[in-house]
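Here is the structure we will look at.
Naming convention: chains lettered A, B, ... in sequence-line order (proteins, then strands); numbering from 1 in each chain.
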2 protein chains.
Amino acid sequence: MAKFKLDEIDHQILDMLIENTRTPFTDIAKKLLISAGTVHVRVKKMEEAGIIIGSSLTLDYRKLGYSFIAYVGVYLQNTSQTKFVIERLNAIPFVTVAHITTGKFNIFCKVRAKDTQHAKEIIFRIDDIEGVSRTETMISLEESINDKKRLMHDIFNQL
Amino acid sequence: MAKFKLDEIDHQILDMLIENTRTPFTDIAKKLLISAGTVHVRVKKMEEAGIIIGSSLTLDYRKLGYSFIAYVGVYLQNTSQTKFVIERLNAIPFVTVAHITTGKFNIFCKVRAKDTQHAKEIIFRIDDIEGVSRTETMISLEESINDKKRLMHDIFNQL
DNA sequence: GGTGAAACTTCTAATAA
DNA sequence: TTATTAGAAGTTTCACC
């Protein structure tokens with residue numbers, strides 16, 4: 001995967017858009033002392049380059065009644081079953097993230113649920129997938145850090 | 001945390017905006033056979049209710065040279081150190097997520113890095129935090145599932 | 001609640017520098 | 001690459017259902 005070169009202006013534009021996707025280009029232009037047209041052209045280029053994949057809303061799932069987060073480590077009987085198990089995981093509602101991993105677990109996933117009862121149902125469905133030998137659940141008591149914006153800063157402040 | 005009641009229209013609006021935050025309200029209105037003003041008012045209400053917290057860009061960090069993802073389980077010497085350790089974690093660049101958890105680990109975090117060398121530096125910084133007894137790293141070989149959009153569907157298709 | 005239209009703001013593409 | 005500009009498009013408000 002090729003590394004794409006962004007300059008300071010691109011960085012600032014991304015910074016403002018990461019904070020709020022709907023920031024008007026005119027506002028960005030004013031702040032960076034460039035024209036709105038330039039902002040438009042640069043954003044378009046970053047989209048074409050595939051740097052900007054898309055945009056999404058951040059919702060408060062707790063307010064929708066979904067306050068429960070757990071990470072579930074999955075042990076497989078055999079790694080050849082990985083692809084199959086991922087497919088099955090993908091079909092289980094409320095499994096929002098899954099990674100194939102090295103280390104302790106073969107697959108590692110994130111579950112969002114209403115409460116412990118609801119989470120139990122989801123985790124049991126994971127346990128029941130053919131090829132899963134056992135799972136280990138880590139319940140989140142608090143999401144203490146979750147900061148996309150800072151990652152951008154970290155990337156740009158690297159030497 | 002109170003549960004907020006969203007109707008089918010709100011749901012559809014969120015669905016379209018989760019897919020692309022910049023979807024014009026006029027497009028949404030056309031599709032849902034309501035007026036753009038209504039879309040505007042409903043979005044504003046969801047923002048005021050705190051359901052919509054904000055919006056953010058989705059970037060391809062691999063294209064920026066950051067292809068490495070790892071999850072790090074942190075064991076503490078004593079849970080009373082949790083708050084302190086979280087603060088320290090927050091000061092380490094490229095630690096993008098951290099949860100306080102029950103189960104195996106006391107704290108669980110996600111690291112985004114350039115490569116294994118870079119990741120090593122970050123993980124060593126985590127190991128060095130006072131109060132951390134040891135860590136366990138799970139390297140992501142593949143992010144197989146990561147779907148916010150589906151979560152919304154799951155929530156709305158619940159009985 | 002919702003609508004439709006007016007007033008206002010922003011976007012976008014073409015042209016020019 | 002960037003700036004300007006002007007027409008197109010989108011947003012937001014408001015009087016009225």
Side-chain angles (χ1 to χ4, degrees), chain A residues 2-60 63-65 148-149 152 155-158, chain B residues 1-60 63-65 148-149 152-153 155-158:
Chain A
K3 223 165 135 177
F4 189 89
K5 268 288 167 211
L6 300 181
D7 66 11
E8 188 55 27
I9 306 253
D10 293 324
H11 167 205
Q12 301 263 20
I13 291 171
L14 286 181
D15 242 29
M16 293 186 77
L17 288 177
I18 281 176
E19 188 89 41
N20 175 7
T21 318
R22 283 191 179 256
T23 311
F25 289 2
T26 46
D27 284 9
I28 297 175
K30 223 173 285 168
K31 190 160 175 194
L32 303 185
L33 306 173
I34 56 179
S35 76
T38 303
V39 176
H40 175 236
V41 169
R42 279 171 177 264
V43 169
K44 210 166 168 188
K45 265 185 197 154
M46 290 190 278
E47 281 170 351
E48 279 161 6
I51 303 271
I52 298 175
I53 299 170
S55 60
S56 185
L57 285 187
T58 309
L59 301 184
D60 188 339
K63 288 230 168 83
L64 294 170
K148 240 182 177 178
K149 195 175 48 193
M152 200 67 228
I155 289 176
F156 276 94
N157 295 330
Q158 274 287 103
Chain B
M1 191 72 61
K3 224 166 138 178
F4 189 89
K5 267 289 165 208
L6 300 181
D7 66 12
E8 189 54 29
I9 304 259
D10 293 323
H11 168 204
Q12 303 263 20
I13 292 171
L14 288 180
D15 241 29
M16 292 185 77
L17 289 177
I18 281 177
E19 188 90 42
N20 174 8
T21 318
R22 283 191 179 257
T23 310
F25 289 1
T26 46
D27 284 10
I28 298 175
K30 224 173 285 168
K31 191 160 174 193
L32 304 185
L33 306 173
I34 55 180
S35 75
T38 301
V39 176
H40 177 238
V41 169
R42 279 173 177 260
V43 168
K44 211 167 168 186
K45 263 185 198 153
M46 290 190 278
E47 281 170 351
E48 279 160 7
I51 303 269
I52 297 176
I53 299 170
S55 61
S56 185
L57 285 187
T58 308
L59 301 184
D60 188 340
K63 287 230 168 84
L64 293 170
K148 242 183 177 177
K149 195 175 47 190
M152 199 67 226
H153 280 115
I155 289 176
F156 275 94
N157 296 330
Q158 274 286 104

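- Under the side-chain contact (heavy atoms from CB on, under 4.5 Å) rule, B/I52 has a single partner from B/L14, B/I13, B/T21, B/I18, which is B/L14.
- In the 5' to 3' direction, nucleotides of DNA chain D lying under 4.0 Å from heavy atoms of chain B begin and end at D/dG10 to D/dT13.
- Screening B/T23, B/I9, B/T38, B/I34 for a side-chain contact (heavy atoms from CB on, under 4.5 Å) with B/I28, the sole residue that qualifies is B/T23.
- Within the nucleic acid shown, A/T26 comes within 4.0 Å of sugar-phosphate atoms alone, with no base atom in reach, counting heavy atoms only.
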Q. How does protein reach along nucleotides 12-17 of chain C, written 5' to 3' as B (base within reach of a heavy atom under 4.0 Å), S (only sugar-phosphate), or - (no contact)?
A. SS----
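- Relative orientation of the B/H11 and B/H153 rings is perpendicular, given thresholds of 30° and 60° on the angle between their planes.
- For the pair B/S35 and B/A29, the tightest heavy-atom approach, listed with the atom from each and the gap, is C-CB, 3.6 Å.
- Under the salt bridge (charged side-chain N to carboxylate O under 4.0 Å, His left out) criterion, A/K149 pairs with A/E19, sequence neighbours left out.
- Between B/R22 and C/dT10 there is no side-chain polar atom (N or O) within less than 4.0 angstrom of OP1 or OP2.
- In this structure, B/R22 and A/S55 approach most closely via the heavy-atom pair N-OG, 4.0 Å.
- No side-chain heavy atom of B/L6 sits under 4.5 Å from any side-chain heavy atom of A/K63.
- Annotation: side chain of A/V39 is not in contact with side chain of A/K31 (no heavy-atom distance under 4.5 Å).
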